[in-house]
Each structure stands twice: as structure tokens, then as C-alpha cells.
Amino acid sequence: MAIQTGRPLMSGLFFDYFDDEEIWLTQYQYMLGRYLLVAPVVDESILRMKIYLPKGSWIDFWNKDTYEGAQWIEVDTPFDQIPVFIKSDAPNWVLAL
């Protein structure tokens, strides 16, 4: 797919949300494909972290809670769960993950 479209598999939020000034304040977040936003935990002492969700609706991969985008949220970061959010307009096969 990346060869056909020129879109990298992993991309900074600026790739899709270049007009959103808040994305420039995110340090490690990235898009995995077009529909998954990943916010890796880079320090084992972090138990909660702030994550910016761009415009649209987002579904927490782990607990299926839904959040409206264009805002910062704070989520727990258990050792065994990397924060991942699915765009709510993703195809059904992605939403079934």
C-alpha cells in the first residue's frame, strides 16, 4: 500500500492534521496507517499521560470508550497497554480489532 499511495505506514500527525496547531505539541504520537493513533509510553514511571486527539471521533482500542477529538485527554497507561485510538470512521474490519 505504501508503495502504491506514497503514504508511509507510520506517520506523524502532521501528515493528516497539518492544519491543527495542537499536533505540534505532541512529542511521540503517530498514526499507524490511516485509522490508528498510537501514543507510546516512553518511560516506565508514567502511569497516566495526556494525549491529543485530532478532530473527529476516536475509540479507545482497549476499553472501547469514545472520545470527541480536537481535545487533550488523560488516560491510564498500565504497563501492558500502549494507548491506541481508532478513528470512528474507519472501515468495519478496523473497528473489529
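We use all heavy atoms of the structure for the numbers below, so side chains are in, but hydrogens, waters and symmetry mates are not. This one's a predicted model, so the numbers in the text were calculated from it and none came from an experiment. Positions are given from 1, in the same order as the sequence printed here.
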Q: Examine distances only and state if a side-chain atom of Thr77 and a backbone atom of Ile46 form a donor-acceptor pair shorter than 3.5 Å.
A: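 Between the backbone of Ile46 and the side chain of Thr77 there is a qualifying donor-acceptor contact (under 3.5 Å).
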Q. Within the side chain of Thr66, is there an N or O that forms a donor-acceptor pair under 3.5 Å with the backbone of Ile59?
A.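 Such a contact is absent between Thr66 side chain and Ile59 backbone.
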Connected via hydrophobic side-chain network under 4.5 Å: [X] and [Y]:
| X | Y | value |
| --- | --- | --- |
| Leu13 | Val42 | no |
| Phe14 | Leu9 | no |
| Ile82 | Val94 | yes |
| Leu25 | Leu53 | yes |
| Tyr28 | Val41 | no |

**Q.** side-chain hydrogen bond (donor to acceptor under 3.5 Å, both in side chains) pairs, two or more places apart, involving residues 39-48
**A.**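 For residues 39-48, and leaving out neighbouring residues, the side-chain hydrogen bond (donor to acceptor under 3.5 Å, both in side chains) pairs sorted by first residue read Asp43-Ser45, Arg48-Glu74, Arg48-Asp76.
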Q: Test side-chain contact (heavy atoms from CB on, under 4.5 Å) on Gln29 and Leu37 and set out the steps.
A: CA-CA 7 Å; Gln29 292 179 212; Leu37 184 145; 3.7 Å; yes
Going from [atom1] on [X] to [atom2] on [Y], what distance comes out if it is rounded to the nearest 0.5 angstrom?
| X | Y | atom1 | atom2 | value |
| --- | --- | --- | --- | --- |
| Lys87 | Met31 | NZ | CE | 6.0 Å |
| Asp89 | Ser57 | CG | OG | 8.5 Å |
| Lys50 | Gln71 | NZ | CD | 11.5 Å |

Looking at every heavy atom in both [X] and [Y], which two are closest together, and how far apart are they?
| X | Y | result |
| --- | --- | --- |
| Leu32 | Met10 | CD1-CG, 3.7 Å |
| Met49 | Pro83 | SD-CG, 4.4 Å |
| Lys55 | Trp58 | O-NE1, 3.7 Å |

Q. Who passes side-chain contact (heavy atoms from CB on, under 4.5 Å) against Trp62, sequence neighbours left out?
A.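 Partners of Trp62 by the side-chain contact (heavy atoms from CB on, under 4.5 Å) criterion, ordered by chain and then number, come out as Asp60, Gln81.
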Q. Would the number of heavy atoms belonging to other residues, nucleotides or ligands and lying under 6.0 Å from CZ of Phe15 be above 12?
A.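 Correct, the count exceeds 12.
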(Q) So if I apply the ring pair (Phe, Tyr, Trp, His ring centres under 6.0 Å) rule between Tyr52 and each of Tyr30, Tyr67, Phe85, Trp72, which one comes out positive? (A)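 Result: among Tyr30, Tyr67, Phe85, Trp72, Trp72 is the only option passing the ring pair (Phe, Tyr, Trp, His ring centres under 6.0 Å) with Tyr52.
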Q.
Measuring only between side-chain heavy atoms, which start at C-beta, is Glu22 closer than 4.5 Å to Tyr17?
A.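 They are not in contact (no side-chain heavy atoms under 4.5 Å apart), so the answer is no.
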Q.
Exactly one of Ile51, Asp65, Asn63 should register a side chain to side chain contact (heavy atoms under 4.5 Å, CB included) with Val75. Which one does?
A.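 So the option named by the test is Ile51.
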Q: Dump the intermediate steps for side-chain contact (heavy atoms from CB on, under 4.5 Å) on Asp16 and Ile23, then the final yes or no.
A: CA-CA 10 Å; Asp16 295 306; Ile23 61 119; over 6 Å; no
